[in-house]
Amino acid sequence: MAKLLALTLVGLVLALYKNHRSSYQTRLNAFREVTPVELPNCNLVKGIETGAEDLEILPNGLTFFSTGLKYPGIKSFDPSKPGKILLMDLNKKEPAVSELEIIGNTLDISSFNPHGISTFTDEDNTVYLLVVNHPDSSSTVEVFKFQEEERSLLHLKTITHELLPRYVYIAELLAHKIHVYEKHANWTLTPLKVLNFDTLVDNISVDPVTGDLWVGCHPNGMRIFFYDAENPPGSEVLRIQNILSEDPKVTVVYAENGTVLQGTTVASVYKGKLLIGTVFHKALYCDL
């Protein structure tokens with residue numbers, strides 16, 4: 001009887017482990033391979049070698065990149081150096097990035113670890129850059145004033161709050177979902193719909209002209225979290241049109257198996273060009 005009970009317990013443990021492993025592999029899309037979707041005239045961005053986890057394009061074509069992210073469980077090609085904010089002009093024939101100097105004594109540059117970024121333009125056309133920062137494994141938002149002529153960022157303040165995130169479009173990475181909420185005048189949110197995908201959806205960029213969503217995606221999450229140079233993570237970019245309609249149109253605009261670009265996290269558009277960033281690798285720009 002004791003032997004039978006022991007065997008039963010072993011069987012239950014193995015079954016639970018198998019179910020847990022299967023769920024884990026499903027959430028990471030562990031067995032998905034990339035079907036390539038190519039675009040014309042793609043070029044790697046000169047000067048980006050350690051990731052472009054997020055990017056923001058201003059109406060005049062100037063583009064901010066966050067680079068050098070260190071995050072638990074994610075590969076880093078340069079773990080000893082702090083992160084940076086880079087600038088590029090998409091109006092140039094062969095655009096390249098330059099580092100923006102951070103001015104002010106209120107930010108510890110040695111622990112600067114930029115993640116997501118957003119911009120806000122004031123009535124007097126002053127551009128402010130908001131950067132999600134992870135210094136020493138914490139989370140803050142750093143507020144900068146962009147000084148275009150000096151090509152620098154003036155650090156204004158650090159924001160910390162336990163309820164810092166709030167969103168309209170929420171990407172649920174491991175669930176392969178995007179949640180859509182309606183924002184009201186009193187800043188409350190009402191859930192509208194949930195979209196499901198066969199990929200791990202990461203950063204979302206909204207085209208200010210069309211309202212389309214551009215999403216950087218990981219077709220196989222297992223290869224992101226368990227990096228193997230011989231079998232690198234691929235890249236995928238989705239365009240979602242008419243997201244508020246009953247039948248949104250989802251298009252795979254770009255997909256690649258990792259030979260050119262590894263671990264896409266973000267994509268955004270400007271005047272017929274698509275700019276793609278990655279969590280730890282390079283950045284790419286293509287004609288649409």
Side-chain angles (χ1 to χ4, degrees), residues 44-58 60-90 92 95-122 125-166 202-203 205 216 224 227 262-266 268 275-285:
L44 291 171
V45 177
K46 296 177 183 177
I48 294 183
E49 302 291 338
T50 58
E53 204 285 331
D54 203 1
L55 61 90
E56 277 277 305
I57 304 176
L58 296 178
N60 62 4
L62 290 179
T63 304
F64 298 100
F65 294 90
S66 67
T67 185
L69 174 67
K70 287 85 176 170
Y71 206 75
I74 300 295
K75 174 72 175 178
S76 173
F77 284 123
D78 199 356
S80 63
K81 293 184 178 179
K84 303 174 182 177
I85 302 297
L86 306 177
L87 185 71
M88 185 176 80
D89 188 349
L90 278 171
K92 302 283 187 182
V97 295
S98 59
E99 181 180 352
L100 287 173
E101 180 185 5
I102 295 178
I103 299 174
N105 300 319
T106 55
L107 180 67
D108 181 8
I109 302 299
S110 65
S111 64
F112 189 46
N113 191 15
H115 197 166
I117 59 176
S118 293
T119 56
F120 171 75
T121 303
D122 211 340
N125 291 323
T126 300
V127 175
Y128 297 92
L129 181 69
L130 284 74
V131 180
V132 176
N133 184 25
H134 302 296
D136 304 317
S137 301
S138 64
S139 292
T140 65
V141 171
E142 310 297 342
V143 182
F144 299 94
K145 178 182 177 182
F146 175 47
Q147 302 181 132
E148 185 173 347
E149 291 186 5
E150 297 86 352
R151 288 296 197 262
S152 65
L153 294 172
L154 175 63
H155 185 247
L156 299 179
K157 62 181 175 179
T158 297
I159 300 173
T160 59
H161 196 283
E162 61 181 4
L163 299 177
L164 198 57
R166 297 190 66 207
D202 206 323
N203 288 319
S205 298
I224 281 286
Y227 184 81
Q262 301 176 14
T264 288
T265 54
V266 63
S268 193
L275 191 57
I276 308 171
T278 65
V279 63
F280 54 73
H281 196 229
K282 300 177 184 291
L284 191 72
Y285 61 98

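Keep in mind it's a predicted model, so treat the numbers as computed, not measured.
- D108 and S110 form a side-chain donor-acceptor contact under 3.5 Å, judged by distance and modelled atom types alone.
- Note that CD of Q262 and CZ of F77 are 5.5 Å apart. Values are rounded to the nearest 0.5 Å.
- The shortest non-hydrogen separation linking G47 to L86 is O-CD1, 4.4 Å.
- The CZ atom of F64 lies 11.5 Å from the OG atom of S118; values are rounded to the nearest 0.5 Å.
- Applying the side chain to side chain contact (heavy atoms under 4.5 Å, CB included) criterion to D122, with sequence neighbours excluded, gives F120, D124, T126, Y128.
- Between V97 and M88, the shortest heavy-atom contact is CG1-CB, 3.9 Å.
- Between D54 and G116, the shortest heavy-atom distance links the atoms OD2-CA, 3.3 Å.
- Across every non-hydrogen atom of V131 and P114, the tightest pair is CG1-CB, 3.6 Å.
- Pairing each heavy atom of L284 with each of V45, the nearest pair is N-CG2, 4.0 Å.
- The backbone N or O of G61 sits less than 3.5 Å from a side-chain atom of T63, completing a donor-acceptor pair.
- With hydrogens and angles ignored, the 3.5 Å screen pairs a side-chain donor or acceptor of K70 with a backbone N or O of G68.
- Looking at heavy atoms from C-beta onward, R151 lies in side-chain contact with L100 at the 4.5 angstrom threshold.
- Put simply, the residue from V127, D89, L87 that forms a side chain to side chain contact (heavy atoms under 4.5 Å, CB included) with L58 is V127.
- A52 approaches V266 most closely through the heavy-atom pair O-CG1, 3.6 Å.
- Note that the CD1 atom of I57 and the CG atom of L90 stand 5.5 Å from one another [nearest 0.5 Å].
- Expressed to the nearest 0.5 Å, how far CG of L153 lies from NZ of K145 amounts to 12.0 Å.
- A 4.5 Å side-chain heavy-atom check between V279 and Y71 finds every atom pair outside the cut-off.
- Side-chain contact between I85 and S66: present, with at least one pair of heavy atoms (C-beta onward) separated by less than 4.5 Å.
- The shortest distance between side-chain heavy atoms of T265 and F280 does not fall below 4.5 Å.
- Panel note: side chain H155, backbone K157; a donor-acceptor pair is recorded below 3.5 Å.
- Residues N113 and L69 form a side-chain contact, since some pair of their non-hydrogen atoms from C-beta on lies under 4.5 Å apart.
- Taken from CG in L130 to OG1 in T119, the straight-line distance is 8.5 Å, to the nearest 0.5 Å.
- At a threshold of 4.5 Å between non-hydrogen side-chain atoms, the residues E53 and I74 do not count as touching.
- Within the 4.5 Å cutoff, side-chain heavy atoms of F144 are placed close to those of L107.
- L129 contributes atom CG, which lies 10.5 Å from atom CD of E142 (distance to the nearest 0.5 angstrom).
- Side-chain contact between I48 and T278 is absent, with no heavy-atom pair separated by less than 4.5 Å.
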Legend entry - side-chain contact (heavy atoms from CB on, under 4.5 Å) assessment of Q147 paired with I103: CA-CA 10 Å; Q147 302 181 132; I103 299 174; 3.7 Å; yes
